[in-house]
Amino acid sequence: MTAPVFVVDEVPVGESYVLEGAEGRHAVTVKRLRPGEELVLTDGRGQWAAGVVDGTEGKDRLIVSGLGGVRQEPEPEPHITVVQALPKGDRGELAVETMTETGVDRVVPWSASRCVTQWRGDRGLKSLGKWRATAREAGKQSRRPRFPEVADAATTKQVAALLAGVDFAAVLHEEGSSPLASAKLPDRGSIVLVVGPEGGVSPEELAAFEESGAAPYRLGPSVLRTSTAGTAAVALLLGRTGRWG
């Protein structure tokens with residue numbers, strides 16, 4: 001899919017459609033699409049349709065024609081979730097952005113014990129909203145018809161429960177770990193990867209996750225920041241499972 005992507009609440013059925021509102025304004029005034037250019041309309045949940053620009057009206061209405069019917073992007077196999085410890089500042093949005101562009105399917109924010117940042121009250125809701133907006137925009141930028149879900153923030157107990165019900169679970173941990181590159185991965189089902197904070201996963205958290213079936217693995221000889229480790233690991237998993245083929 002190489003044409004620019006725009007999000008709609010419901011992918012239209014029929015030959016023509018008027019894209020308006022914020023997405024229409026972006027198409028007309030930012031992208032400056034012209035008649036004859038191709039584009040894709042998606043709901044971000046796997047449904048999409050390709051069309052052609054027929055014209056514009058004002059600064060926020062794009063007339064789309066030639067819609068060839070709604071298509072469905074199949075659910076990816078295996079499904080990859082990253083449990084991302086909360087980084088400082090805007091590094092959380094950076095992690096979500098690059099993991100989305102790479103191909104992650106779900107991101108679970110995690111309030112690890114060694115996180116400097118903690119989401120509480122309105123501030124936490126605002127931060128979660130930023131992560132979700134970032135996933136949406138990065139999904140459009142990388143031209144995905146299915147955007148990753150950003151779940152509510154999870155506690156260590158909730159993460160342990162999540163790990164217990166998947167086909168493969170791993171915790172990125174540099175000490176005494178096997179390489180993720182040689183782990184036996186499932187062809188189908190679900191994979192969950194835990195990325196700890198800058199201070200690392202605590203011994204208590206590591207023990208809880210191991211009890212749920214998540215073994216510790218390392219990426220390589222260098223230590224990556226929490227905001228980049230998930231992206232590197234997702235790329236490795238996508239290549240090894242054949243999703244990048």
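Sequence positions, counted from 1, serve as the residue numbers for this chain. Side chains included, hydrogens not; waters and symmetry mates left out as well; all remaining heavy atoms used.
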Please report, to 0.1 Å, the donor-acceptor pairs under 3.5 Å made by any side chain of residues 91-101, with sequence neighbours excluded.
{"residue": "Arg91", "atom": "NH1", "partner": "Ser227", "partner atom": "OG", "Å": "3.3"}
{"residue": "Thr98", "atom": "OG1", "partner": "Leu94", "partner atom": "O", "Å": "3.0"}
{"residue": "Thr98", "atom": "OG1", "partner": "Ala95", "partner atom": "O", "Å": "3.3"}
{"residue": "Thr98", "atom": "OG1", "partner": "Thr231", "partner atom": "OG1", "Å": "2.6"}
{"residue": "Thr100", "atom": "OG1", "partner": "Val96", "partner atom": "O", "Å": "2.7"}

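- Annotation for Ala112 and Ala85: closest pair CB-CB, 4.3 Å, computed over non-hydrogen atoms.
- Glu137 contributes no side-chain N or O that, together with a main-chain N or O of Thr134, makes up a donor-acceptor pair within less than 3.5 Å.
- Thr226 OG1 to Leu172 CG: the interatomic distance, rounded to the nearest 0.5 Å, is 9.0 Å.
- Looking at residues two or more places apart in sequence or on another chain, you find a side chain to side chain contact (heavy atoms under 4.5 Å, CB included) between Glu77 and Arg188.
- Among all heavy-atom pairs drawn from Ala151 and Leu128, the shortest one is O-CD1, 3.4 Å.
- Residues Thr56 and Leu33 approach most closely at CG2-O, 4.2 Å, considering heavy atoms.
- Contact between Thr117 and Pro87 at its shortest, heavy atoms only, is OG1-O, 3.2 Å.
- Both Val166 and Val171 are part of a single hydrophobic cluster, where members link through side-chain heavy atoms under 4.5 Å apart.
- When all heavy atoms of Val234 and Gly103 are compared, the closest pair comes out as CG1-C, 4.4 Å.
- Two residues are said to be in side-chain contact when any heavy atoms from C-beta on lie closer than 4.5 Å; Leu236 and Leu219 meet this criterion.
- Under the ring pair (Phe, Tyr, Trp, His ring centres under 6.0 Å) criterion, Phe168 pairs with Tyr217, sequence neighbours left out.
- If you chain together hydrophobic residues whose side chains sit under 4.5 Å apart, Leu238 and Val194 never meet in one group.
- Under the salt bridge (Lys or Arg N to Asp or Glu O under 4.0 Å) criterion, Asp152 pairs with Arg132, not counting sequence neighbours.
- Sorted by first and then second residue, the ring-ring contact (aromatic ring centres under 6.0 Å, His included) pairs with a member in residues 58-83 form an empty list; sequence neighbours excluded.
- Not a single donor-acceptor pair under 3.5 Å links the side chain of Thr81 to the backbone N or O of Val107.
- No side-chain heavy atom of Pro197 sits less than 4.5 Å from a side-chain heavy atom of Val116.
- Take Phe209 and apply the ring pair (Phe, Tyr, Trp, His ring centres under 6.0 Å) test, not counting sequence neighbours, and it matches Trp110.
- Here the shortest heavy-atom pairing between Gly55 and Pro35 reads CA-CG, 4.2 Å.
- In this structure, Ile191 and Asp167 have side chains that are not in contact, with every pair of non-hydrogen atoms separated by 4.5 Å or more.
- Listed by first and then second residue, the salt bridge (Lys or Arg N to Asp or Glu O under 4.0 Å) pairs that reach into residues 194-215 are Glu198-Arg225, sequence neighbours excluded.
- With Arg106 contributing its side chain and Val104 its backbone, the two residues share no donor-acceptor pair below 3.5 Å.
- Residue pairs satisfying the salt bridge (Lys or Arg N to Asp or Glu O under 4.0 Å) criterion with at least one member in residues 37-48, sequence neighbours excluded, are listed as follows: Asp43-Arg45.
- With sequence neighbours excluded, no residue satisfies salt bridge (Lys or Arg N to Asp or Glu O under 4.0 Å) with Arg71.
- Judged as a ring-ring contact (aromatic ring centres under 6.0 Å, His included), the pairs with a partner in residues 128-149 (not counting sequence neighbours) are, in order, Trp119-Trp131.
- To the nearest 0.5 angstrom, Leu180 atom CG is 6.5 Å from Leu193 atom CG.
- Looking at Val53 and Ile63, their side chains never come closer than 4.5 Å, going by heavy atoms from C-beta outward.
- Between the NE2 atom of His173 and the OG atom of Ser178 there is a distance of 12.0 Å, given to the nearest 0.5 Å.
- The local environment of CZ in Arg114 is crowded, with over 12 non-hydrogen atoms from other residues, nucleotides or ligands closer than 6.0 Å.
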Run Gln47 and Thr42 through side chain to side chain donor-acceptor pair (under 3.5 Å) and show every step you take. CA-CA 6 Å; Gln47 289 196 334; Thr42 181; over 6 Å; no
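- Ion pairing of Arg144 with Glu73 is absent here, as no side-chain N (NZ or NE/NH1/NH2) approaches a carboxylate O to less than 4.0 Å.
- Side-chain contact between Lys31 and His26 is present, with heavy atoms from C-beta onward closer than 4.5 Å.
- Hydrophobic clustering of Ile, Leu, Val, Met, Phe, Trp and Tyr side chains at less than 4.5 Å, counting indirect connections, unites Ile80 with Leu185.
- Formation of a donor-acceptor pair under 3.5 Å by the Ser212 side chain with backbone atoms of Ala164 is not found in this model.
- Pairs passing the side-chain hydrogen bond (donor to acceptor under 3.5 Å, both in side chains) check and including a residue from residues 234-245, sequence neighbours excluded, read Asp105-Arg243.
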Residues 5-25 side chain polar contacts: donor-acceptor under 3.5 Å, at least two apart:
{"residue": "Glu20", "atom": "OE1", "partner": "Arg61", "partner atom": "NH1", "Å": "2.6"}
{"residue": "Glu23", "atom": "OE1", "partner": "Val7", "partner atom": "N", "Å": "2.7"}
{"residue": "Glu23", "atom": "OE1", "partner": "Lys140", "partner atom": "NZ", "Å": "3.3"}
{"residue": "Glu23", "atom": "OE2", "partner": "Lys140", "partner atom": "NZ", "Å": "2.8"}

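- Hydrophobic clustering keeps Val192 apart from Val195 (ILVMFWY residues linked when any side-chain heavy atoms are closer than 4.5 Å, directly or through intermediates).
- By the rule that hydrophobic residues join a cluster once side-chain heavy atoms approach within less than 4.5 Å of another member, Leu206 and Leu163 end up as members of one cluster.
- One finds the OG atom of Ser127 at 11.0 Å from the CG atom of Asp90 (value rounded to the nearest 0.5 Å).
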